[in-house]
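See below for the structure under consideration.
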Amino acid sequence: MTTQRRTVDESYWIATTPDTGYPTPDTDLTADVAVIGGGIAGLCTAWDLVRAGLDVVVLEADRIAAGVSGYTTAKLTAAHGIRYAALEAKHGADDARLYALSQQEAVERTAALCAELDIDAELEHAPAFTYVQDPARVDELRQEAAAARRAGLDASFTTETELPFDIAGAVRVEGQLQFHPRKFLLALAEHITRAGGRIFERARVTGLHDGARCRLTTESGSTVEARDAVIATHYPVFDRTLLFTRIKPRRELVIAAPVPSDAAPAGMYITPEGGTRSLRSAPYDDGRRLLIVTGESFEPGAGGVRGRYDRLEAWAREHLPHFAEKGETYRWAAQDNDSADQLPYVGHAHPGTQHLFVATGFGGWGMSNGVMAGHLLTAHIAGGPRPAWTDLYDPRRLPPIRDAGQVASYQASAAKHFVGDRLHTSHVDALTDIPPGSGAVVRLDGKRCAVYRDESGHATALSARCTHLGCLVQFNDAERAWECPCHGSRFGTDGSVLHGPATRPLEPRETPDSPDDPGTPA
């Protein structure tokens, strides 16, 4: 019999780990290297640098491992969907091989690091599958399996899986991992500080001078001077990298619920069909595992997020026995950045710098790429042999002519929102049109404002212009946040920055006094 279930609007990884409490800087600091960002790329970079003997400061805008890395599905794999055939066709067989080598090495480095440091991150070995149900796509998967094998992965084509529904075919890649990302990162952070590294939270970097030495200014007013600096904020928070023209943000929804252990897949699965569907399971309690389902890819600010959650859950209930029958159901959303040429940007931030580095454009595969980035950036900064794939990920690479159309598409998408959204006179006509617990863009005194009304009807008005480059924000009805459709910045209903590249909050606005408006001036 189905019992009442409870929906938890939080990442399971965050809900099952303790809060952190690293200090906020209250004085000026110096270091060999300043790492901006406390997710997997930032913390892996910091660990490798500390182990190389460098003095490292990590500056996290909020809490470590509580941003993008805390909202992942935590597949640690070199199997990135239908990827290798496209890489081979676009970049050549050698580059496809280097990509596979770098990703598989990251998988193995993580396993070795957990063993070396005795980190209990619920690490499990599992094969990774990319499957299709449409018979017309089987040849595509056969080609992908062959390309992945040529790239050096233990890959094969199969029509057999443990999934409880029929498939037409799948690529199976052996030797992959899944884990609890936050348990891994919180333990790694402790090892960083024990080794002499310094971690600061609530230390949003709002200014950066890039020269012979780097000088960083934090929101609290403290400065950090370092020989080198690393921007590991997922989306680069400083536009001098010019990468915002070559990366595009997207969000995907995640739902997770306990199922009987014998109903949970042991492997990791993804399909490009139906707006992407990805699933894996994780340890939960005696006799049950947590089944994690991801999908419904969309641009930040696209709206209709509640409906997307409903579609994803409907798919899970239809295809996966026992999903969400009883107990807690978790739901959260992940944000990723896709690069124009399907390769991350890891290395020198721009052609004119020797001391500023960046890691971004992971394309939905941040776990392996975050570990890879730590290794590669440490080779740049600490010296020594550089990996064979160094040039492959160089952010200074020029996009090939064949990718110019994709770059133009990214820029056109941002321009469409920047200009087109302003052509709308308003998204609602009056404050009273905004239901309690929701938000909308409305004109107040001739200015477009982002207005949120809480459950009691109180209205909080903010400037609707994103503080990054001025695009108009849109309301996410499921997560109750303001999102920029141009470059993916996200803001709380109070205007606070939830996700960059923006570093400044939305500016407050006043709501007009009106007997028809139960809100008060924000």
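Note: hydrogens, waters and symmetry copies are ignored here, and every other heavy atom, side chains too, is used.
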Query - Under-4.0 Å salt bridge between E144 and R142 - result: no
Query raised in the report: Atom CG in D95, atom OH in Y393: separation rounded to 0.5 Å?
Result: 9.5 Å
Requested in this report: Go through the steps to decide whether W389 and Y99 satisfy the test ring pair (Phe, Tyr, Trp, His ring centres under 6.0 Å), and finish with yes or no.
Outcome: CA-CA 7 Å; W389 51 85; Y99 184 87; over 10 Å; no
Query raised in the report: Does the side chain of T24 reach to within under 4.5 Å of the side chain of F200, using non-hydrogen atoms?
Result: no
Query raised in the report: Without hydrogens or angle criteria, can the side chains of T158 and S156 be said to hold a donor-acceptor pair below 3.5 Å?
Result: no
Query - Parallel, tilted or perpendicular: ring planes of H348 versus F357, cut at 30 and 60 degrees - result: tilted
Query raised in the report: Are any of the side-chain nitrogens in D55 or R198 under 4.0 Å away from the carboxylate oxygens of its partner?
Result: yes
**Report entry** Polar side chain donor-acceptor pair, S368 to K75, under 3.5 angstrom
**Finding:** no
**Report entry** Residues T193, Y22; criterion side-chain hydrogen bond (donor to acceptor under 3.5 Å, both in side chains); working and verdict
**Finding:** CA-CA 10 Å; T193 57; Y22 290 96; 4.7 Å; no
Query raised in the report: Can any side-chain N or O of Q176 pair as donor or acceptor with the backbone N or O of E174 at less than 3.5 Å?
Result: yes
Report task. Take atom CZ of R63 as the centre, draw a 6.0 Å sphere, and report whether it contains more than 12 heavy atoms from other residues, nucleotides or ligands. Result -> yes
**Report entry** Under 3.5 Å: donor-acceptor pair, side chain of W13, backbone of T72
**Finding:** yes
Query raised in the report: For the side chain of R250 and the backbone of G363, is there at least one donor-acceptor N/O pair under 3.5 Å apart?
Result: yes
Requested in this report: Would you tell me whether E507 and S463 have side-chain atoms, one donor and one acceptor, within less than 3.5 Å of each other?
Outcome: no
**Report entry** Any side-chain donor near an acceptor of the partner, S222 and D28, under 3.5 Å
**Finding:** no
Report task. Nearest 0.5 Å please: distance from the OG1 atom of T130 over to the OH atom of Y84. Result -> 10.0 Å
Query raised in the report: Is there a donor-acceptor contact under 3.5 Å from the side chain of S11 to the main chain of W332?
Result: no
Report task. Kindly say whether A41 contributes a backbone atom to a donor-acceptor pair with the side chain of T45 at under 3.5 angstrom? Result -> yes
Requested in this report: May I ask you to check whether F129 and Y269 place their ring centres under 6.0 Å from each other?
Outcome: yes
Query - Under-4.0 Å salt bridge between K248 and E299 - result: yes
Query raised in the report: Is it the case that more than 12 heavy atoms not belonging to R215 sit under 6.0 Å from its CZ atom?
Result: no
Query raised in the report: Have H125 and Q178 got a donor and an acceptor in their side chains that come within less than 3.5 Å?
Result: no
Query raised in the report: Using 4.0 Å as the upper bound for N to carboxylate O, is an ion pair formed by R396 and D391?
Result: no
Query raised in the report: Between W365 and H80, what is the ring plane arrangement, given parallel below 30°, perpendicular above 60°, and tilted in between?
Result: parallel
Query raised in the report: Without hydrogens or angle criteria, can the side chains of D210 and H350 be said to hold a donor-acceptor pair below 3.5 Å?
Result: yes
Query raised in the report: For the residue pair W47 and H191, does the interplanar ring angle fall in the parallel (under 30°), tilted (30 to 60°) or perpendicular (over 60°) class?
Result: perpendicular
Query raised in the report: Considering only heavy atoms from C-beta outward, does the side chain of V57 approach that of V35 to under 4.5 Å?
Result: no
Query - The single option from H234, H468, H487 passing ring-ring contact (aromatic ring centres under 6.0 Å, His included) against H499 - result: H234
Requested in this report: Check whether NZ of the Lys or CZ of the Arg R246 lies under 6.0 Å from the centre of the six-membered ring of Y345 and within 45 degrees of that ring's axis.
Outcome: yes
Query raised in the report: Will you find, in the side chains of Q474 and E483, an N or O donor that is under 3.5 Å from an N or O acceptor?
Result: no
**Report entry** Steps toward salt bridge (Lys or Arg N to Asp or Glu O under 4.0 Å) verdict (R182, E122)
**Finding:** CA-CA 10 Å; R182 195 164 149 88; E122 299 178 2; over 6 Å; no
Query - Side-chain ion pair, R490 and E479, N-O less than 4.0 Å - result: yes
**Report entry** Basic-acidic side-chain contact under 4.0 Å: R277, E296
**Finding:** yes
Query raised in the report: Any salt bridge between E88 and R150, counting N to O under 4.0 Å?
Result: yes
Requested in this report: For E105 and M372, run side chain to side chain contact (heavy atoms under 4.5 Å, CB included): C-alpha distance rounded to whole Å, both residues' side-chain angles, the deciding distance at 0.1 Å, then the answer.
Outcome: CA-CA 8 Å; E105 191 208 54; M372 177 276 293; over 6 Å; no
Requested in this report: Using only the SG atoms, establish whether C471 and C484 come within less than 2.5 Å of one another.
Outcome: no
Requested in this report: Establish, from distance only, whether the side-chain atoms of Q335 and E252 form a donor-acceptor pair under 3.5 Å.
Outcome: no
Query raised in the report: Taking C-beta and beyond as the side chain, do V358 and V346 meet within less than 4.5 Å on heavy atoms?
Result: no
**Report entry** Short side-chain to backbone donor-acceptor contact, T378 and G374, under 3.5 Å
**Finding:** yes
Query raised in the report: Is there side-chain contact between L356 and I231, with heavy atoms separated by less than 4.5 Å?
Result: yes
**Report entry** Any donor-acceptor pair under 3.5 Å from R137 side chain to Y131 backbone
**Finding:** no
Query raised in the report: Would a distance-only check, ignoring hydrogens and angles, find a side-chain to backbone donor-acceptor pair under 3.5 Å from E201 to I64?
Result: yes
Requested in this report: Taking only Lys NZ, Arg NE, NH1 and NH2, and the carboxylate oxygens of Asp or Glu, determine whether D341 and R397 approach each other closer than 4.0 Å.
Outcome: yes
